[in-house]
4 protein chains.
Amino acid sequence: MTVTKRTKHDVVWEFRCNEILTAARKLFAKKGFAEATMEEIAAATGLAKGTLYLYFKSKRDVYLKTLQHGTAELLELAAGNVQQAIGIRAKVRALVETRVKYADENRDFFKIYLTEFGGGTHPAAGSKEFRDLPLKQAAVIENLLRGGAESGELGPLDFEAAAFTIQDMVRSLITRRLLGWSKNERNHDVDFLCGFICGAIGC
Amino acid sequence: MTVTKRTKHDVVWEFRCNEILTAARKLFAKKGFAEATMEEIAAATGLAKGTLYLYFKSKRDVYLKTLQHGTAELLELAAGNVQQAIGIRAKVRALVETRVKYADENRDFFKIYLTEFGGGTHPAAGSKEFRDLPLKQAAVIENLLRGGAESGELGPLDFEAAAFTIQDMVRSLITRRLLGWSKNERNHDVDFLCGFICGAIGC
Amino acid sequence: MTVTKRTKHDVVWEFRCNEILTAARKLFAKKGFAEATMEEIAAATGLAKGTLYLYFKSKRDVYLKTLQHGTAELLELAAGNVQQAIGIRAKVRALVETRVKYADENRDFFKIYLTEFGGGTHPAAGSKEFRDLPLKQAAVIENLLRGGAESGELGPLDFEAAAFTIQDMVRSLITRRLLGWSKNERNHDVDFLCGFICGAIGC
Amino acid sequence: MTVTKRTKHDVVWEFRCNEILTAARKLFAKKGFAEATMEEIAAATGLAKGTLYLYFKSKRDVYLKTLQHGTAELLELAAGNVQQAIGIRAKVRALVETRVKYADENRDFFKIYLTEFGGGTHPAAGSKEFRDLPLKQAAVIENLLRGGAESGELGPLDFEAAAFTIQDMVRSLITRRLLGWSKNERNHDVDFLCGFICGAIGC
DNA sequence: CATGAATGAGCGTTCATTCAT
DNA sequence: TATGAATGAACGCTCATTCAT
């Protein structure tokens, strides 16, 4: 019985959190961290301002959680798809496609993501959790490349540098699509980028 | 005589502006636009808060001017160096090196620059002057590539997409260096990236 | 039930507004618009500065609302009393007495009122709502006089000019009383002025 | 020689003061005391901000002096013209005409004057010099009336109250003219008012 | 005398956060 | 649990006044 109650409670809790995070995501994407107010988030959620503090301990917390879900999901998704793909080319494609697709489908999240991890100063700076996120993501790519080298598909390479560079090539594409600078079908853009990358790393 | 007086005044004026901008740059780089206060900028400059408003009409104005000088200089520098270089390889290298060197030497400026042009929401958003800056910079690269194609050094290519991608590959390198993720000599990093790029575009 | 809840909220809201307006009125009367600060108003109300902005959207708004209630009430009061009185003499007396009594009983309001409508520059200048108030009030008098003329109680007259003049005669009396220059009973002063006016317009 | 130098100096000094006061008058009339800035006054005068403080010890001082000249001149003018006129009617007319004419010719001054002496709160409040000005002016009228009573031209009357009232009747006319509510020739308006006053006091 | 750069106290306003209900 | 009124610290900006030149 306790379990049932707990569960019901949890479901509601999670539902509320998601409501808030979705509204927050939209706002943070549109106005940035500093310009978005708790008032607005509350209004967008249909909740009272005070209620937000039952689910999140501060504005910053909302912001961080706003990033958290997406980053985790994206990381996991990419890792999974890469693993399933066979051969370095396919793996690269899986990675690129996963990220671009995710960005297409989660535009609000990605705008925040880009603000955060553009290389400049950011509100989440100092949050242990996020400081090393780009490193983690690059590591996925780096491993992929090392695997290719071991299997002889790739020649010698500065894997770390290459990984970062590829990561930002993907970011470049996503940005262009997000800002509406690219009007192509996703597949077309992904194909182009994969060709570009394969040229660079020689696969 | 009028000239002398005018000049003296102008020299002081420019000196003050630079004092303020340098302090502001440091602060904006460290804390971002929203978190940096005029009070702090004033304190860092050794001036009183009100004095800032003799030279800049608002906090936003300080911020924008903080970007302005660097972006103009960088654009000009890159264009010049690229033009002087002969052959597509040399031109690419000139571009990459110019930007990386400038970033190394103007770290504060570049942190702000990356915050602004990371693809997400940004404080200067809406400032007509800066909205299209990335486009302008990509155009420099695009022209470079088209030139290479005309001279037969490069094969067929989506020049626009390639330009954006290269731009972000450079950005990738700069970010890594700025955040201390790369401990290499500048030349080494530049060499790597140029090789990478040339692999990608086939030169 | 909804009604009850709504009412409770409204009662508190109105109570707060009145608290604030009363304190503000006292301060504006004493120091004028420019010299009175929101801090002081808050302190006088026993509220925090920020709280004022829950009920009024700006200092100017407080000031305008400070005028609003009194002006509306006075206009209405005067119109009512004038209408009830029969004969031009009685009507004039009703008008004079109503205004003088109101001023006696709302000294703070009237000091602000006089500041606003003294003929010089004023803080509310530009507020559409108040620009023509003196005109409206004079119109009440003008109608009264025209009525008197139609009924044959009054001879020919420049009604508009007379209305304005009478209005300022009343103002004159009110000012003297407000500043303590007249120590007479209200009735005595009112009698005097009515005699004076009747002499002037010949009734 | 000392005298000559002194005099020359004084002439310049007075000239500067007048320049400043004229500009200030215009500004105070237009924007009121609080909204007008020393910067603007300086700009309007063609002098530097600091220079104003050589001639006036504070903004308030400028404001007070701005009132001073006009009030003194007006008082003197009115007293002179009244004295020259013979008979109560003529004296009243002299008074009314003098004031209305002065207002027509010194609109800026009079807007400030009305702001100050409208009965409400004002910036000059607390300045010993001006507190009793309306009293002094009313005294001129009161004496005029007493003279009329002594000579048998006027019946018994509350001279003080009548004086104040007449003063504000004149003010009423001036205000209407200043605000453009009256389009009549000055003489016409003056005639009307004199008739009105004479009706009231019975002359 | 004249200047105008510099000052810094002070104000209106905002908004994340708290807490009594 | 949910509310939303209340808070008050903090910030951007203004402007009367001073003073070194």
Side-chain angles (χ1 to χ4, degrees), chain A residues 9 12-13 16 33-43 45-63, chain B residues 5 8-9 12-13 15-16 34-43 45-62, chain C residues 5 8-9 12-13 15-16 33-43 45-63, chain D residues 9 12-13 16 33-43 45-63:
Chain A
H9 171 271
V12 174
W13 186 273
R16 280 269 189 269
F33 177 77
E35 302 305 312
T37 69
M38 291 299 265
E39 188 82 55
E40 289 170 310
I41 297 173
T45 326
L47 294 171
K49 214 181 348 173
T51 309
L52 303 187
Y53 287 86
L54 296 177
Y55 298 92
F56 300 91
K57 71 179 203 289
S58 69
K59 183 184 175 185
R60 187 160 220 267
D61 187 31
V62 177
Y63 187 76
Chain B
K5 263 171 104 183
K8 195 151 119 199
H9 172 272
V12 174
W13 185 273
F15 179 73
R16 280 272 184 269
E35 302 305 313
T37 71
M38 290 300 265
E39 189 84 52
E40 287 171 313
I41 297 174
T45 328
L47 294 169
K49 203 177 6 168
T51 308
L52 303 187
Y53 288 87
L54 296 178
Y55 298 93
F56 300 92
K57 71 180 199 293
S58 69
K59 183 185 174 183
R60 186 161 222 268
D61 186 33
V62 177
Chain C
K5 263 171 103 183
K8 194 152 121 199
H9 173 271
V12 173
W13 184 274
F15 178 73
R16 280 272 185 268
F33 177 77
E35 301 305 313
T37 72
M38 291 300 265
E39 189 82 55
E40 288 171 312
I41 297 174
T45 328
L47 295 169
K49 203 173 10 163
T51 308
L52 303 187
Y53 288 87
L54 296 178
Y55 298 92
F56 300 91
K57 71 180 201 291
S58 69
K59 183 185 175 184
R60 185 159 222 270
D61 187 33
V62 177
Y63 187 76
Chain D
H9 172 273
V12 174
W13 186 273
R16 280 268 189 270
F33 176 77
E35 301 306 311
T37 70
M38 291 299 265
E39 189 81 53
E40 289 170 310
I41 297 174
T45 326
L47 293 170
K49 213 182 348 174
T51 309
L52 302 186
Y53 287 86
L54 296 176
Y55 297 92
F56 300 92
K57 71 179 203 290
S58 70
K59 183 184 175 185
R60 185 162 220 268
D61 188 31
V62 177
Y63 186 77

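Counting only heavy atoms from C-beta on, D:Lys59 has its side chain closest to F:dT17 among E:dA5, F:dT17, E:dA6. Looking at the side chain of B:Ala48, the nearest of the listed nucleotides F:dT3, E:dT7, E:dC11 is E:dT7. Minimum atom distance to the side chain of C:Arg16 is reached by F:dA6, of the listed E:dT7, F:dA6, F:dT1. The B:Tyr53 side chain lies nearest to F:dG12 when the options are F:dG12, F:dT3, E:dC1.
In this structure, F:dT7 forms a base pair with E:dA16, meeting either the Watson-Crick or the G-U wobble geometry with both donor-acceptor distances under 3.5 Å. Base pairing of F:dT21: its partner is E:dA2, meeting the Watson-Crick or G-U wobble criterion (both donor-acceptor distances under 3.5 Å).
Nucleotide E:dT14 holds its C1' atom 11 Å from the CD atom of A:Glu39, rounded to whole Å. What separates CD of C:Glu35 from C1' of E:dG12 is a distance of 15 Å, to the nearest Å. E:dG10 atom C1' lies 12 Å from atom CD of C:Glu40, rounded to whole Å.
Both C:Leu52 and D:Met38 sit near DNA chain F, but only C:Leu52 has its closest nucleotide nearer the 5' end. Where C:Ala34 and B:Gly50 each meet DNA chain E at their nearest nucleotide, the meeting point lying more 5' is that of B:Gly50. Taking the nucleotide of DNA chain E with the nearest heavy atom to each of B:Tyr55 and C:Arg60, the more 5' of the two is matched to B:Tyr55.
Under a cut-off of 6.0 angstrom, the local environment of CD in A:Glu40 is crowded, with over 12 non-hydrogen atoms contributed by other residues, nucleotides or ligands.
Using a 4.0 Å heavy-atom criterion, one finds that D:Ala36 contacts the sugar-phosphate atoms exclusively. Using a 4.0 Å heavy-atom distance criterion, D:Phe56 is classed as making no nucleic acid contact. Contacts of C:Trp13 with the nucleic acid, taken as non-hydrogen atoms under 4.0 Å apart, are absent. Within the nucleic acid shown, D:Thr51 comes within 4.0 Å of at least one base atom, counting heavy atoms only.
The two residues D:Ala48 and D:Ala42 come nearest to each other via the heavy atoms C-CB, 3.9 Å. Nearest heavy-atom pair, C:Met38 versus C:Leu52, reported as atom, atom and distance to 0.1 Å: O-CD1, 3.5 Å.
Taking 3.5 Å as the limit, the base of E:dT7 and the side chain of B:Lys49 contain no donor-acceptor pair of atoms between them. Put simply, the side chain of C:Lys57 and the base of E:dG12 share no donor and acceptor less than 3.5 Å apart.
The aromatic rings of D:Tyr63 and D:Phe33 stand perpendicular to each other, their planes meeting at an angle above 60°, with 30° marking the opposite boundary.
In this structure, CH2 in A:Trp13 is found 6.5 Å from CG in A:Leu54, a value given to the nearest 0.5 Å.
Phosphate contact (OP1/OP2 of E:dA5, side-chain N/O of B:His9, threshold under 4.0 Å): present.
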